[in-house]
Student: 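So that we are looking at the same thing, I have put the structure below in structure tokens.
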Number of protein chains: 2
Amino acid sequence: MFTKVLIAEDFDSINIALIQTLESMGVKEIEHAKYCDDALLKAKKAIQDKTPFDLLISDLSFETDYRTVTLKSGEELIAAIRQIQPTIPVLVYTVEDKSFVIKSLVEDLKVNAFVHKGRNSISQLKTAMETILFGGTFVSQNLAHALKENSFNEIEEYDIQVLTHLSNGVTIEEMEQLFKNKDIKPNSKSYIEKRISKLKDIFKAKTTIHLVSLSKDLGII
Amino acid sequence: MFTKVLIAEDFDSINIALIQTLESMGVKEIEHAKYCDDALLKAKKAIQDKTPFDLLISDLSFETDYRTVTLKSGEELIAAIRQIQPTIPVLVYTVEDKSFVIKSLVEDLKVNAFVHKGRNSISQLKTAMETILFGGTFVSQNLAHALKENSFNEIEEYDIQVLTHLSNGVTIEEMEQLFKNKDIKPNSKSYIEKRISKLKDIFKAKTTIHLVSLSKDLGII
DNA sequence: TCTCATTTTACGGATTTCCGTACGGATTAC
DNA sequence: GTAATCCGTACGGAAATCCGTAAAATGAGA
């Protein structure tokens with residue numbers, strides 16, 4: 001089993017449960033941080049002390065409060081820790097279940113396991129840890145389908161920009177100018193219109209409002 | 001201290017933490033349910049056995065899975081339990097922090113305490129329970145402001161319907177017919193348009209898409 | 001019942017979006 | 001070298017929206 005585990009999770013209640021679970025699994029050293037910045041510090045210190053962590057369990061979203069932070073999300077934390085300790089296995093434990101998010105996490109950040117907080121997540125967490133120990137990759141069942149989903153491959157960064165701008169109240173006409181100013185390449189009104197139309201097809205959205213609404217639900221924007 | 005507490009919470013990790021916390025506070029009997037329906041059953045049974053619960057701690061949102069359920073949310077559960085046991089104190093423990101939701105909960109459902117899951121929620125939970133015990137009402141600090149927020153008073157059920165329909169891809173023209181069919185009173189295209197326009201003023205939204213987007217973020221729809 | 005104010009509807013013009021067609025340029029295939 | 005295809009742009013008419021004005025309906029109080 002892992003011997004020294006770092007937990008990055010803001011909710012105290014979940015921290016309690018995680019610590020209890022890890023203890024019951026025989027993990028000797030457990031440290032937890034409620035802020036990503038603190039987690040990174042702990043990881044750095046552990047390396048300096050020549051006793052690095054051998055597993056990181058991290059949440060994705062962290063609430064903002066009075067404290068100003070450098071690392072705002074689990075994604076940023078994972079990237080930062082991988083910089084100083086590239087081989088550390090990472091287990092993501094989160095409520096997130098948006099296909100788009102998960103896809104990028106597994107593919108880009110190469111997290112070793114993905115456990116969805118839910119009714120039976122603790123048992124999944126245990127399985128995930130054992131799987132990582134044997135060099136495998138674990139993704140919660142209810143998420144597995146997301147990786148296979150294909151329709152999202154058609155959607156690119158450009159579409160996300162368009163959707164985001166729409167969501168923020170930018171009209172198509174304004175977007176044309178905005179793109180021209182920022183030198184973003186396809187920037188004609190007509191092209192943007194076509195793109196929106198295509199997205200409506202993909203999402204089977206009835207109106208543009210519907211499209212933006214769906215995109216928010218799917219976590220794309 | 002309370003002697004018999006019912007917990008309705010779907011996430012297993014949080015259940016673990018809650019149980020541990022209640023035990024440390026000296027609560028003798030603790031029961032927990034991962035589905036609202038189960039929670040209601042337990043409450044009924046306890047009444048039949050003449051040993052009713054003296055506190056309900058409930059989450060608000062419950063994930064849907066393969067199981068078909070009658071009660072889909074904490075709100076519904078609270079209403080149902082209050083039907084069979086009107087005097088039971090209720091503590092809501094949730095990630096929810098949308099002003100609109102909280103306002104209605106405290107005012108309509110008359111929950112006794114509202115604790116926001118977060119970095120220091122367990123200590124707040126303890127305080128909340130003590131406050132309830134002495135007949136008081138507790139609302140997490142970071143939520144307290146929501147109750148004072150006034151701008152949401154202007155928004156009525158009608159507006160929410162309009163926003164929801166827009167979000168679901170219904171055009172204004174279709175909405176006019178829909179409202180006429182359902183006999184919802186102000187149903188002219190022009191009135192709906194005006195209403196949307198007014199909402200855009202209130203929310204300072206630049207476009208209708210922006211308006212719907214903001215409404216989703218604020219948890220109004 | 002009449003009056004006045006408020007609410008709701010009707011209408012119309014300006015603007016924006018929607019959607020089809022068509023044109024130019026670049027790339028690829030043959 | 002030519003044709004075919006794709007990509008981005010341009011244009012224009014139909015539809016939907018935005019927004020102001022005015023008429024009609026409603027309702028409360030005298």
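Naming: A, B, ... by sequence-line order, numbering from 1 per chain.
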Student: With DNA chain D as reference, determine whether I196(B) or K185(B) sits nearer its 5' end, using the nearest nucleotide of each.
Tutor: I196(B)
Student: From CD1 of I184(A) over to C1' of dG8(D), roughly how many Å is that when rounded to an integer?
Tutor: 16 Å
Student: Please report, rounded to the nearest Å, how far the P atom of dC11(D) is from the NZ atom of K189(A).
Tutor: 11 Å
Student: Check whether R82(A) reaches the backbone of T87(A) with its side chain - one donor and one acceptor, N or O, closer than 3.5 Å.
Tutor: no
Student: Quickly work out the I209(A) CD1 to dA16(D) C1' distance and round it to whole Å.
Tutor: 11 Å
Student: Measure the angle between the two terminal helix axes of the helix from dT1(C)-dA30(D) to dC30(C)-dG1(D), five base pairs each, and quote it to 10°.
Tutor: 30°
Student: In this structure, are over 12 heavy atoms from other groups packed under 6.0 Å from K44(A) atom NZ?
Tutor: no
Student: L211(B) has an atom CG; how far is it from atom P of dC19(D), in whole Å?
Tutor: 12 Å
Student: Looking only at the side chains, is there a donor atom on one of K216(A) and S213(B) sitting less than 3.5 Å from an acceptor on the other?
Tutor: yes
Student: Starting from the 5' end of DNA chain C, give me the residue, S190(A) or L166(A), whose nearest nucleotide shows up first.
Tutor: L166(A)
Student: Distance check needed: dT21(C) C1' versus E193(A) CD, whole Å only.
Tutor: 14 Å
Student: Look only at the side chain of N112(B) and the backbone of T137(B), and say whether a donor-acceptor pair between them is shorter than 3.5 Å.
Tutor: no
Student: What about the rings of Y158(A) and Y191(A), do their centers lie closer together than 6.0 Å?
Tutor: yes
Student: Rounded to whole angstroms, how far apart are CG on L199(A) and P on dC18(C)?
Tutor: 12 Å
Student: Nearest 0.5 Å, what's the CG-CG distance between L71(A) and L77(A)?
Tutor: 6.0 Å
Student: Please report, rounded to the nearest Å, how far the C1' atom of dT16(C) is from the NZ atom of K200(B).
Tutor: 11 Å
Student: Tell me whether the side-chain N/O atoms of N187(B) come closer than 4.0 Å to OP1 or OP2 in dT9(C).
Tutor: yes
Student: Using a 4.0 Å heavy-atom cut-off, does I172(B) contact any base of the nucleic acid, only the sugar-phosphate backbone, or nothing at all?
Tutor: sugar-phosphate
Student: Using only modelled atom types and a 3.5 angstrom limit, is any donor from either the side chain of S188(B) or the base of dA10(C) paired with an acceptor on the other?
Tutor: no
Student: Could you check which of dG8(D), dC18(C), dA10(C) has an atom nearest any side-chain atom of Y191(A)?
Tutor: dG8(D)
Student: dT9(D) base to K194(A) side chain: any donor-acceptor pair below 3.5 Å?
Tutor: yes
Student: Using the ring of Y35(A) (Phe, Tyr or Trp, six-membered ring only), decide whether R67(A) places NZ or CZ under 6.0 Å from its centre and within 45 degrees of its axis.
Tutor: yes
Student: Using a heavy-atom cut-off of under 4.0 Å over every strand shown, decide if T171(B) touches base, sugar-phosphate, or nothing.
Tutor: sugar-phosphate
Student: Round to the nearest Å and state the distance from E173(A) atom CD to dC18(C) atom C1'.
Tutor: 14 Å
